[in-house]
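What follows is a single structure, written as structure tokens, with notes after it.
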Amino acid sequence: MLDLKYIRENAHLVKQAIANKREKADVDALLDLDIKRRNSIGEVESAKAEQNKATQKIAEMKKAGKDAAAAIADMRRLSDAIKQKDEELKEIEDQIYQLLIRIPNIPHKSVPVGDERANLVIKTWGEAAEQDFKPLPHYEIAEKLGLIDFARASRMSGSFFVSYRGLGAKLERSLINFMIDLHVEKQGYTEIFPPFVTKREAMFGTGQLPKLEEDMYHCGVDDLFLIPTAEVPVTNLHREEMLNGDDLPIKYTAYTPCFRREAGAYGKDTRGLVRIHQFDKVEMVKFVKPENSWDELESLLQNAEEVLQALELPYRVLTLATGDLSFAAAKCYDIEVYARGLDKWLEVSSCSNYVDFQARRANIRFRRERGAKPEYVHTLNGSGLALPRTVIAIMENYQTDEGTIKVPAVLQKYMGVERIK
RNA sequence: GGAGAGGUGCGAGAGCGGUUGAAUCGGGCGGUCUCGAAAACCGUUGUGCCCCAUGGGUACCAAGGGUUCGAAUCCCUUCCUCUCCGCCA
């Protein structure tokens, strides 16, 4: 959510941002209502000032034992008028709020303008090892080695759910442990194990609601949502809090499963593990001081890259263009791993700076020191990493011509074997 | 799931429906004293919004409604916390 005052003073920038993000939001209607609102506040508050004075007088009269009946009768009329004006004001503020929460965050200056074709590849790391054979796509080798049950999972839960088995299941668990250990031991994050369902307010705080309600699994009886990413519960840990400036930056990492209905996404890249309704992910979340958030984005990206470097998987980094940027983000880097069997680049991480957008929605503030004015923190998060596509890359890039899969060196102590066969 | 208790400022904790934005204690900050410190004493210590803005106004005692001329204080709903019983990994 943006600051109303900021929108008032920078309407053209906001409109530009909406256009560049290919969102729809009515800034002019908002500005119109803003004027109405301020007029209305003037009326209501002067009426209330009058009422407060009169009320005090009545109290004094009663104390002095005088009859206050006439004054009370007068006040009844004023009181009714105030109630009515208050209602009008509330109506206006509701409308403002509804418009305000639909205005997206403003992209940073360094973000290229355009749709996904304007995404900028800023870095490529590693090379696909030369091979004299064509590796099988992951879904075939996984099936062959008994690592993943696609058919059985579909039978019980529907399509786009999978069940891992044997060393396939262990690979999943090993990757989770390896990634968390790396974030905690080498990169200074604190591990969190949060709830996997949250309330509406939490989804709103990080910006999933109201826009993405259709993409989430929802438990109607309790009005709870299954989390689409750990970003939601971990960022919301500090919702409605006043943090201590000395404690910043706060760096958390969390493993969670992620649930996504992906409504309408069928038919595109949907074979195997590329796109499934439930997947595992290790996430990093940071709460930082505003002046540091752009540096923190770079180090967040680096922390995510280190996972792929340790796994020795080739990848590239993209700066997302405005049209590809999510609603709440000011800037976002995507990391794509190269999968040799599919011969495709697959997104395994998005590292975003939300600046104060989420913090304002979720009311997460800090004081630089005792007595200082509260300020909104900046929030960032990045995957480190999404598991299924990492698994794809391992199964395809580490495949041998004998139809086995070598275990990446850093995973061997977790897996207990050097080769999956 | 059943039965109770409760949610007040940085913390503890008071608050007959009428100068209560909120007593008191503690903490923080500033000062007096001291070579310095401690102790003691004095002062100070919330946030949002609006305006004809070095000032004024208004709102906020979990959240939302209601009663009233007037609500932290009375009523209703929701959320959360705690205790006891039941159930359970």
Side-chain angles (χ1 to χ4, degrees), chain A residues 1-9 30-101 193-205 209 218-225 232-233 236-248 257 356-357 359-377:
Chain A
M1 182 156 74
L2 297 176
D3 181 14
L4 184 54
K5 231 183 258 169
Y6 178 87
I7 298 174
R8 191 186 299 152
E9 286 156 15
L30 183 63
L31 294 175
D32 225 52
L33 284 163
D34 179 45
I35 292 169
K36 277 191 193 161
R37 165 172 170 270
R38 284 185 288 159
N39 288 337
S40 181
I41 285 175
E43 288 179 30
V44 171
E45 292 198 347
S46 59
K48 280 185 181 169
E50 192 184 332
Q51 182 184 53
N52 285 344
K53 270 185 214 142
T55 260
Q56 212 164 300
K57 226 171 260 170
I58 290 172
E60 279 161 20
M61 287 168 78
K62 287 219 163 175
K63 219 174 242 174
K66 290 187 206 154
D67 179 24
I72 287 176
D74 275 353
M75 280 303 97
R76 188 166 294 149
R77 241 171 288 132
L78 182 61
S79 171
D80 287 344
I82 288 174
K83 246 170 229 165
Q84 199 187 328
K85 281 180 184 160
D86 245 344
E87 247 164 68
E88 286 166 17
L89 176 59
K90 192 173 172 287
E91 177 66 26
I92 292 169
E93 289 188 327
D94 281 351
Q95 289 176 29
I96 287 177
Y97 183 70
Q98 288 306 319
L99 290 174
L100 200 53
I101 59 172
F193 200 96
F196 300 158
V197 295
T198 71
K199 299 197 283 190
R200 211 165 256 288
E201 298 94 284
M203 287 297 166
F204 180 83
L209 289 178
H218 178 227
C219 311
V221 192
D222 303 301
D223 199 25
L224 292 172
F225 294 85
V232 176
N236 275 284
L237 276 178
H238 294 300
R239 195 161 69 90
E240 306 287 339
E241 280 189 20
M242 185 72 69
L243 302 171
N244 185 337
D246 294 338
D247 295 338
L248 300 179
D356 58 359
F357 192 86
R360 188 172 287 112
R361 284 190 161 222
N363 198 24
I364 306 168
R365 298 181 295 174
F366 77 102
R367 282 187 217 276
R368 288 181 190 276
E369 57 213 48
R370 263 185 179 283
K373 282 275 162 203
E375 297 174 59
Y376 288 109
V377 299

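For the numbers below, each heavy atom of this structure counts, side chains included, while hydrogens, waters and symmetry mates do not.
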**Request:** Dot-bracket notation for RNA chain B is requested: 5' to 3', Watson-Crick or G-U wobble pairs only, both distances under 3.5 Å, with ( ), [ ], | and . as defined.
**Result:** ((((((((.[[[..)..(.....]]]((((((.......))))))((((((...)))))).[[[[[..)....]]]]])))))))....
For [X], which contact category applies under a 4.0 Å heavy-atom criterion: base, sugar-phosphate, or nothing?
| X | answer |
| --- | --- |
| A:I58 | base |
| A:K57 | nothing |
| A:R37 | sugar-phosphate |
| A:K63 | nothing |
| A:R200 | nothing |
| A:Q51 | sugar-phosphate |
| A:N52 | sugar-phosphate |
| A:R8 | sugar-phosphate |

Gap between atoms [atom1] and [atom2], on [X] and [N] respectively (whole Å):
| X | N | atom1 | atom2 | result |
| --- | --- | --- | --- | --- |
| A:D94 | B:G64 | CG | P | 12 Å |
| A:K83 | B:G65 | NZ | C1' | 12 Å |
| A:E241 | B:G46 | CD | P | 21 Å |
| A:K62 | B:U68 | NZ | P | 14 Å |
| A:I41 | B:G57 | CD1 | C1' | 12 Å |
| A:E45 | B:U58 | CD | C1' | 4 Å |
| A:E375 | B:U47 | CD | C1' | 15 Å |
| A:I82 | B:G57 | CD1 | C1' | 13 Å |

Considering only atom [atom1], compute the distance from [N] to [M] and round it to an integer number of Å.
| N | M | atom1 | value |
| --- | --- | --- | --- |
| B:G17 | B:C74 | P | 7 Å |
| B:U20 | B:A14 | C1' | 12 Å |
| B:C61 | B:A22 | C1' | 8 Å |
| B:G7 | B:A62 | P | 8 Å |
| B:C85 | B:U67 | C1' | 37 Å |
| B:A40 | B:G64 | P | 42 Å |
| B:G11 | B:A59 | C1' | 25 Å |
| B:U58 | B:G70 | C1' | 16 Å |

Could you please name the option among [options] that lies closest to any side-chain atom of [X]?
| X | options | result |
| --- | --- | --- |
| A:K199 | B:C69, B:C80, B:G48 | B:C80 |
| A:K5 | B:C50, B:G65, B:U58 | B:C50 |
| A:T55 | B:C69, B:C50, B:G65 | B:C69 |

**Asked** Can you check whether A:L30 reaches A:I7 side chain to side chain, under 4.5 Å on heavy atoms?
**Response**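 A side-chain contact under 4.5 Å exists here.
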**Asked** Do A:H218 and A:R200 come within less than 4.5 Å of each other through their side chains, counting heavy atoms only?
**Response**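 Sidechains of A:R200 and A:H218: in contact.
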**A:R365 vs A:A59, nearer the 5' end of RNA chain B by closest nucleotide** =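 Taking each residue's closest nucleotide, the earlier one in sequence belongs to A:A59.
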**Prompt:** Of A:K373 and A:K90, whose closest RNA chain B nucleotide lies nearer the 5' terminus?
**Reply:**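 That would be A:K373.
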**Asked** Should A:R38 be listed as having a side-chain N or O under 4.0 Å from OP1 or OP2 of B:C51?
**Response**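 True: A:R38 side-chain N/O within range (under 4.0 Å) of B:C51 OP1/OP2.
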**Message:** Check the phosphate of B:U58 against A:S46, side-chain N and O only, distance under 4.0 Å to OP1 or OP2. Yes or no?
**Reply:**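 Checking B:U58 against A:S46, no side-chain N or O comes under 4.0 Å of OP1 or OP2.
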**Request:** Could you grab the distance from atom CD1 of A:I82 to atom CG of A:L89, nearest 0.5 Å is fine?
**Result:**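 A:I82 atom CD1 to A:L89 atom CG measures 12.5 Å (nearest 0.5 Å).
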**Prompt:** When rounded to the nearest 0.5 angstrom, what distance separates CZ in A:R37 from CD1 in A:I96?
**Reply:**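 Taking CZ in A:R37 and CD1 in A:I96, the distance rounds to 5.5 Å.
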**Message:** Is it true that, when you exclude A:Q84 itself, more than 12 heavy atoms of the residues, nucleotides or ligands shown sit nearer than 6.0 Å to its CD?
**Reply:**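 It does not: A:Q84 CD has 12 such atoms or fewer within range.
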**Message:** The test is side chain to side chain contact (heavy atoms under 4.5 Å, CB included); show your working for A:F357 and A:L2 and say whether it passes.
**Reply:** CA-CA 6 Å; A:F357 192 86; A:L2 297 176; 4.1 Å; yes
**Message:** How close do A:A47 and A:L78 get, counting heavy atoms only, and between which atoms?
**Reply:**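 Reported closest heavy-atom pair: O-CD2, 4.0 Å.
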**Request:** Mind listing the closest non-hydrogen atom pair of A:P233 and A:P194 along with its distance?
**Result:**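 Between these two residues, the closest heavy atoms are CB-CB, 3.6 Å.
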**Request:** State plainly whether the residues A:K90 and A:D86 are in salt-bridge range, i.e. N to O under 4.0 Å.
**Result:**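 A salt bridge is absent here (no side-chain N lies under 4.0 Å from a carboxylate O).
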**Request:** Decide yes or no on side chain to side chain contact (heavy atoms under 4.5 Å, CB included) for A:D32 and A:Q95, but give the supporting numbers first.
**Result:** CA-CA 11 Å; A:D32 225 52; A:Q95 289 176 29; over 6 Å; no
